[in-house]
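This is the structure, below, for whatever I ask next.
As a basis for the values below, the full set of heavy atoms in this structure was taken, side chains included, without hydrogen atoms, waters or symmetry mates. The sequence lines fix the lettering, A, B, ..., with proteins before strands; numbering per chain opens at 1.
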There are 2 protein chains.
Amino acid sequence: MGPLGDLEGLRSLMRRAAQAAGATVVGEAFHRYTPHGVTGVLLLEESHFSVHTWPEAAYAALDFYTCGALEPEPAARLVAQGVAAQRVSFLEVHRGLPEAEGALAMSRRGSW
Amino acid sequence: MGPLGDLEGLRSLMRRAAQAAGATVVGEAFHRYTPHGVTGVLLLEESHFSVHTWPEAAYAALDFYTCGALEPEPAARLVAQGVAAQRVSFLEVHRGLPEAEGALAMSRRGSW
């Protein structure tokens, strides 16, 4: 079935990603779609990580929403490696109060 | 405590938002922070909706991640109204396979 269809594998991978980012998990929900695909979210002290997979398209969409000093990139790299991603496109968005510098702006876009 | 600190109120509001969008809820996780703030996610057949609140700053960050024909805007408007938002800033991001037109691009930004 491959890593994108494996709910338990993805749950474990997302938890390791949270650990890699230094985040604290405070809740979670995962669901397997019929006929294929998995969706899941970890609630964190520092916001959330989510994953949605379309194994039939060899595609996964991930959000690494962090706050405070947490950097999402170590988590993203761990997950990409864990599912053997051949290509990663990312978009980094700064969000927060409208008064905050750069709030709700696309700050970085790229791929690796 | 106000709507941004009310976990059960936010859960109910997010569920009504899912209904307003025509989405099907397949899972959920909510958490109340100490001393204040709520975080929560609804897993949907069509991806997810999330909410994070900072009542002390009168601020909430919401994601309405939809796929297929679902439009997120009715859900966003319902939640904004439900928490009596005085200002809403939004950023719309198209995502999907890199081959897809406009994938991972910021398509619209604004406020109301």
Report task. Go through B/C67, B/G40, B/S50 and name the one with the most non-hydrogen pairs under 4.5 angstrom from chain A. Result -> B/S50
Query raised in the report: For atom CD of B/Q81, is the number of surrounding heavy atoms from other residues, nucleotides or ligands below 6.0 Å larger than 12?
Result: no
Query raised in the report: So which part of A/F30 gets closer than 4.5 Å to some heavy atom of chain B, the side chain, the backbone, both or neither?
Result: backbone
Query - For A/H52, the option from B/H48, B/R95, B/E46 that meets side-chain hydrogen bond (donor to acceptor under 3.5 Å, both in side chains) - result: B/H48
Query raised in the report: Relative to chain A, which segment of B/F90 carries a heavy atom at a distance below 4.5 Å: side chain, backbone, both, or neither?
Result: backbone
Query - Segment of A/T39 engaging chain B (4.5 angstrom heavy-atom cut-off) - result: both
**Report entry** Same apolar cluster (I L V M F W Y, side chains within < 4.5 Å links), B/L78/B/L42
**Finding:** yes
Query raised in the report: Does A/V41 share a hydrophobic cluster with B/F64, counting links as ILVMFWY side-chain heavy atoms below 4.5 Å and allowing steps through other members?
Result: no
Report task. Please check if A/Y65 and A/L43 belong to a single hydrophobic cluster, counting links between Ile, Leu, Val, Met, Phe, Trp and Tyr side chain heavy atoms closer than 4.5 Å. Result -> no
**Report entry** Engaged part of A/L44 at the chain B interface, taking heavy atoms whose separation is under 4.5 Å
**Finding:** backbone
**Report entry** Heavy-atom neighbours of A/E56 CD exceed 12 at 6.0 Å
**Finding:** yes
Query raised in the report: For B/S47 and A/W54, which heavy atoms make the closest approach, and how far apart are they?
Result: OG-CH2, 4.3 Å
Query raised in the report: Hey, quick one: are B/V51 and B/V25 part of the same hydrophobic cluster, counting side-chain heavy atoms closer than 4.5 Å, chains of contacts allowed?
Result: yes
Report summary line: Among B/G37, B/A57, B/A29, the residue with the most heavy-atom pairs under 4.5 Å to chain A is B/A29
